[in-house]
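Input: a single structure, listed below in structure tokens.
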Amino acid sequence: MSDILVHIELTRSGHVGAAARGLLAAAARLGTPIALTVSDVPLATEAVARLGELGAVRVHAVTSDATQAILATPLVDALGAAVAAYAPAAVLLSGSADGREAAGRLAVRAGGVLLADVVDVAAHDGQIIAEHSVFGGSFTVHAVADGGLPIITVRQGAIDEQAPAAIPELLKADMPAPPGNQAAVLSFSPAPETSARPELRGAATVVSGGRGIGSEANFALVEQLADALGGAVGASRAAVDAGYIAQTAQVGQTGVTVAPQLYIALGISGAIQHRAGMQSSKTIVAINQDEDAPIFEVADLGIVGDVFTVVPQVIELLKNRT
Ligand SMILES: Cc1cc2nc3c(=O)[nH]c(=O)nc-3n(C[C@H](O)[C@H](O)[C@H](O)COP(=O)(O)OP(=O)(O)OC[C@H]3O[C@@H](n4cnc5c(N)ncnc54)[C@H](O)[C@@H]3O)c2cc1C
């Protein structure tokens, strides 16, 4: 089987990032998953074990003291070296800001073909087929990389699968910082997430609230449902503009694009700009008191009702679930 190189993003504390599970599962469908990490300190033993649990057959752990000082360059260097070493059939990266930047640069360096914002992958007749969900989820497009190495960024949360566990072979490499100017990182903005909730991008469940929630205080209801489901909290732009929640929670055209397994829209009308950011969710549930709200056009389950009546009942049912 061909090798599939997977870039694994680590959290700032060195743990395996949330996107790894889906990326390694996608790679296992296409060939033998090789996980590549690039970090400023050696990869922790627990992280190697976790990558094995998620299906990595080999872990190629690159240590570079320049990962934060030169932004994406060390990562692209490491990916380029790994592509030369393994001659993989494809490279998979997360559709995060870092993943997108590295993928584009790697495609130029390696003469590869960039397949961006992919929601699914499959192998068919020796070809790798990438599935894209376009125009706000209205159309599905299948693409193949014609005449070059497929370099694929996968939309976070789109593939909810786990590959069979493996006992990974660990290969360590050091990459010294190249000469030249380097930036020093003084602080991160936004500050590292301290919430126990999953990150909005990549969460398997997202519960979003809109203008229908009515106030910042009422937004606690959205958070309670998210917590009962172990999900992330999202919002429409109207809710953000009204100050119910921070802008980082905005889902849609000018916010975050999500593709969770379950998306619950509470008091959101379903404007096209909101739908563009959530329409490719696997299952969409909408609660709105207006039966003509456009959100019901894309909902798999629609409840016409007052969120303040329906949602507490749902939370109660979830609490009583064994
Ligand atoms: C360039 C541009 C970019 C944009 N980008 C985004 C974006 O990224 N994300 C985004 O979301 N929007 C975006 N918008 C704004 C978008 O057009 C809508 O205005 C916005 O999505 C509406 O948010 P909403 O559904 O919360 O509010 P509304 O459209 O006001 O809908 C509120 C809904 O709540 C329902 N409701 C009220 N009370 C209750 C209740 N008690 N129980 C149940 N239902 C109730 C109402 O029936 C209504 O359907 C953008 C607009 C533009 C022009």
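For the numbers below, each heavy atom of this structure counts, side chains included, while hydrogens, waters and symmetry mates do not. Counting starts at 1 for both ligands and their atoms, in listed order. None of the values given here were measured: they were computed from a predicted structure.
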#### Entry: Protein heavy-atom partner closest to atom 32 (C) of ligand 1 - residue, atom, separation in Å
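Checked against all protein heavy atoms, atom 32 (C) of ligand 1 sits closest to Gly267 O, 3.5 Å.
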### Query
What residue among Val113, Leu115, Asp117 forms side-chain contact (heavy atoms from CB on, under 4.5 Å) with Ile152?
Leu115
Under 4.0 Å to a heavy atom of [X] - the qualifying atoms of ligand 1, by number:
X      : value
Gly305 : 42 (N), 43 (C)
Asn288 : 33 (C), 34 (O), 35 (C), 43 (C), 44 (N), 46 (C), 47 (O), 48 (C), 49 (O)
Asp306 : 40 (C), 41 (N), 42 (N)

### Proximity to ligand 1 by part of Ala271, non-hydrogen separation under 4.0 Å
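Side chain only.
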### Task
Please state which part of Ile272 comes within less than 4.0 Å of ligand 1, counting heavy atoms only: side chain, backbone, both or neither.
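No part of Ile272 is near ligand 1 at this cut-off.
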### Query
Ala239 to ligand 1: N or O pair under 3.5 Å?
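Not met; the criterion fails.
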### Task
Tell me yes or no: between the side chains of Arg155 and Ser280, is some donor less than 3.5 Å from an acceptor?
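Ser280 and Arg155 do have a side-chain donor-acceptor pair below 3.5 Å.
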### Summary
Filtering Val251, Thr309, Ile213, Thr254 for the heavy atom nearest atom 9 (N) of ligand 1 leaves Val251
### Option set Arg211, Gln247, Arg237, Gln289, criterion heavy-atom distance to atom 15 (C) of ligand 1, minimum
Arg237
### Heavy-atom protein neighbour under 4.0 angstrom from atom 19 (O) of ligand 1
no
